[in-house]
Amino acid sequence: MTSMFALIDGNSFYCSCERVFDPRLNYRPVIVLSNNDGCAVARTPEAKALGIKMGHPYFQIKDLCRRENVAVFSSNYTLYGDMSRRLNLVYERFSPDIEIYSIDESFIDMAPLALPDRREWACDLRATALQWTGIPTCVGIGPTKTLAKLANRWAKSDPAGVCDLIDDEFRRDVMARFPIGDVWGVGRQTAKKLAALGIETAGQFAAMDPKRARQLLTVVGERMVHELNGRPCIAFEDVQPLRKGCAVTRSFGQRVTDLENMRQAVASYATRLGEKLRKWGLATDRVTVFMHTSPFDNGPHRSVSLAVRLAEATNDTRKLVAASIRAAERIWKPGFRYSKAGLMTDELVRPEQAQRVLFADLDPERGGKAMAAMDSINSRWGRGSLGIASAGIRKPWAATFDMRTPPYTTVWDDVPTAR
DNA sequence: TCTGGGGTCCTAGGACCC
DNA sequence: TCTGGGGTCCTAGGACCC
């Protein structure tokens, strides 16, 4: 059986989510901002046409947005996550074999479907997704995941929003016109290296000797060449592999210059880390704490990190907070305007498999029960209802979201009513 | 004093993705 | 004044071992 994949994604996904709940936005350019209202992370085609780039700092385009009547939103991940879940429920009606690749993209293994008419199937999928969720999508079809991604990109400029690259001749034609920098896995550095060899299209890259690609770009490059030639090297991940690492990092709403605020920030990040680990049923015995000043600031710069070991793998907020604060205090140095701090951990383990230290905890069950109680209170009353005192109450360092819409679909009070 | 060839494991850093 | 957050994978190099 030859391989065949579809990649379906939501168009300008975050912007489309906002439009679902305010159809008047359909006639305006829309952008959604990153955390802290820092920069643009999603733009509708109308906003792109105004010259707003991905990652464009908001303060630089504020005037433009006002002038051009651009609708500007703070990011609302609760809403986007819920819309994403709804989309995947639609996809599941069209195929049981789905890999959720990101919040707005899913791969579908089409080989087992043995469809008589792929195009009709794809159009039907798009229409159903639009009708049931309000989100417009595009579908790309190819013999490998890389080619499905490529097809999906090409579909963006197709009136029907579908591109099928199974046919060899059509595929060659498209690839000869497809810019190398838009290939999945080719970033700026790689594009530069390839351009130096005169390679500027996906078609030229596909024609490269795989061994040569390996020399130039490691095995990653070799795999891309194979994938572009229709030989699958990237596995379809039907069941999600266990998460390998976890990070909680935030830029501050205002610069932090004193240890007390830094302690609070790190404590609240550690609280969030514990929540995430418990939700996944994972634990860690090593946490890295970092803090740094802003590269855009004048004045003295500083960037430091420290990894601390815990006595044993845990996801107990209290232990994570204590260890993180200890580490933060050790690397803290006054006299700097810190713009960001965070926690990182990798090598997550299942707690039951973790090595236990003898007599490390005389009553491990008690810790587990306290955390479970805290999680259920916070899930009932909202994140942060019950926390650790060291995380602070006022939180002057916390990020701001001035233009956030309500979480329409996940909080009863915010569900829109039709009259 | 000088002389070897592999292994493994860990960490840091680069590149890329959404 | 104001420039995001959270992931994955790969490689090189050091420490250590036999």
Side-chain angles (χ1 to χ4, degrees), chain A residues 7 9-10 12-14 31-43 52-63 65 72-77 80-81 84 99-107 145-146 149 152-153 180-194 214-224 233-235 237 240-255 269 272-273 276-277 280 286 288 290 292-299 303 305-307 309 337 339-348 398-403:
Chain A
L7 177 67
D9 78 331
S12 312
F13 182 61
Y14 298 168
I31 63 172
V32 172
L33 302 176
S34 64
N35 258 358
N36 233 351
D37 295 339
C39 47
V41 291
R43 309 104 73 217
I52 299 174
K53 304 268 179 262
M54 182 70 177
H56 215 136
Y58 179 52
F59 74 93
Q60 287 176 3
I61 52 173
K62 221 173 201 162
D63 290 339
C65 290
V72 181
F73 294 92
S74 302
S75 40
N76 183 345
Y77 290 105
Y80 311 150
S84 170
E99 174 190 338
I100 298 173
Y101 174 65
S102 73
I103 192 163
D104 74 319
E105 292 171 282
S106 294
F107 286 102
K145 286 166 79 174
T146 303
K149 283 280 282 185
N152 173 275
R153 170 58 79 95
I180 187 70
D182 289 347
V183 172
W184 190 32
V186 177
R188 263 220 294 282
Q189 302 304 316
T190 305
K192 210 194 295 178
K193 283 184 195 169
L194 292 171
R214 187 179 188 129
Q215 281 172 5
L216 190 70
L217 307 168
T218 79
V219 291
V220 180
E222 183 180 11
R223 274 205 288 261
M224 284 193 280
C233 294
I234 303 174
E237 276 161 356
Q240 268 187 22
L242 269 194
R243 206 169 282 270
K244 302 208 162 88
C246 182
V248 178
T249 70
R250 290 281 178 299
S251 292
F252 301 127
Q254 45 188 276
R255 302 285 185 262
Y269 301 165
R272 180 76 190 115
L273 179 65
K276 287 167 86 173
L277 295 183
W280 301 333
R286 205 177 110 107
T288 302
F290 75 85
H292 63 70
T293 54
S294 167
F296 302 103
D297 277 0
N298 298 318
S303 175
S305 73
L306 179 66
R309 285 246 171 240
R337 302 176 68 242
S339 68
K340 181 172 179 173
L343 307 180
M344 296 187 298
T345 156
D346 36 44
E347 292 159 41
L348 300 180
T400 49
F401 297 86
D402 290 339
M403 293 159 286

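First the proteins, then the strands, lettered A, B, ... as listed; each starts at 1. Values below: all heavy atoms of this structure, side chains included; hydrogens, waters and symmetry mates excluded.
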Atom pair [atom1]/[atom2] of [X] and [Y] - distance to nearest 0.5 Å:
X	Y	atom1	atom2	result
A:L33	A:N76	CG	CG	12.5 Å
A:I52	A:R43	CD1	CZ	8.5 Å
A:L277	A:C246	CG	SG	5.0 Å

Looking at every strand, decide which applies to [X] at a 4.0 Å heavy-atom threshold: base, sugar-phosphate, or nothing.
X	value
A:D37	nothing
A:K192	nothing
A:R214	nothing
A:Q254	nothing
A:S339	nothing
A:V183	sugar-phosphate
A:R272	nothing
A:Y58	nothing
A:K53	nothing
A:K244	sugar-phosphate

Hey, which sits more toward the 5' end of DNA chain C by its nearest nucleotide, A:R243 or A:K62? A:K62
Using the closest heavy atom to pick a nucleotide of DNA chain C for each, name whichever of A:R223 or A:G55 lands nearer the 5' end.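 That would be A:G55.
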Rounding to an integer number of angstrom, what distance separates C:dG4 and B:dC17 when you compare their C1' atoms? 15 Å
Quick one: how far along DNA chain C does chain A reach, first to last nucleotide 5' to 3', anything under 4.0 Å to a heavy atom? C:dC2 to C:dT11
Paired stretches of DNA chain B - 3 or more consecutive Watson-Crick or G-U pairs, each distance under 3.5 Å: B:5-18 with C:5-18
Is it true that a side-chain atom of [X] and a backbone atom of [Y] form a donor plus acceptor pair closer than 3.5 Å?
X	Y	value
A:E99	A:E237	yes
A:K145	A:A235	yes
A:S84	A:D104	no

Looking at residues at least two apart in the chain, or sitting in another chain, which of them share a salt bridge (Lys or Arg N to Asp or Glu O under 4.0 Å) with A:R243?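 Partners of A:R243 under the salt bridge (Lys or Arg N to Asp or Glu O under 4.0 Å) test: none.
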Taking C-beta and beyond as the side chain, do A:I234 and A:T146 meet within less than 4.5 Å on heavy atoms?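 With C-beta onward as the side chain, the pair touches.
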Measuring only between side-chain heavy atoms, which start at C-beta, is A:H56 closer than 4.5 Å to A:C39? no
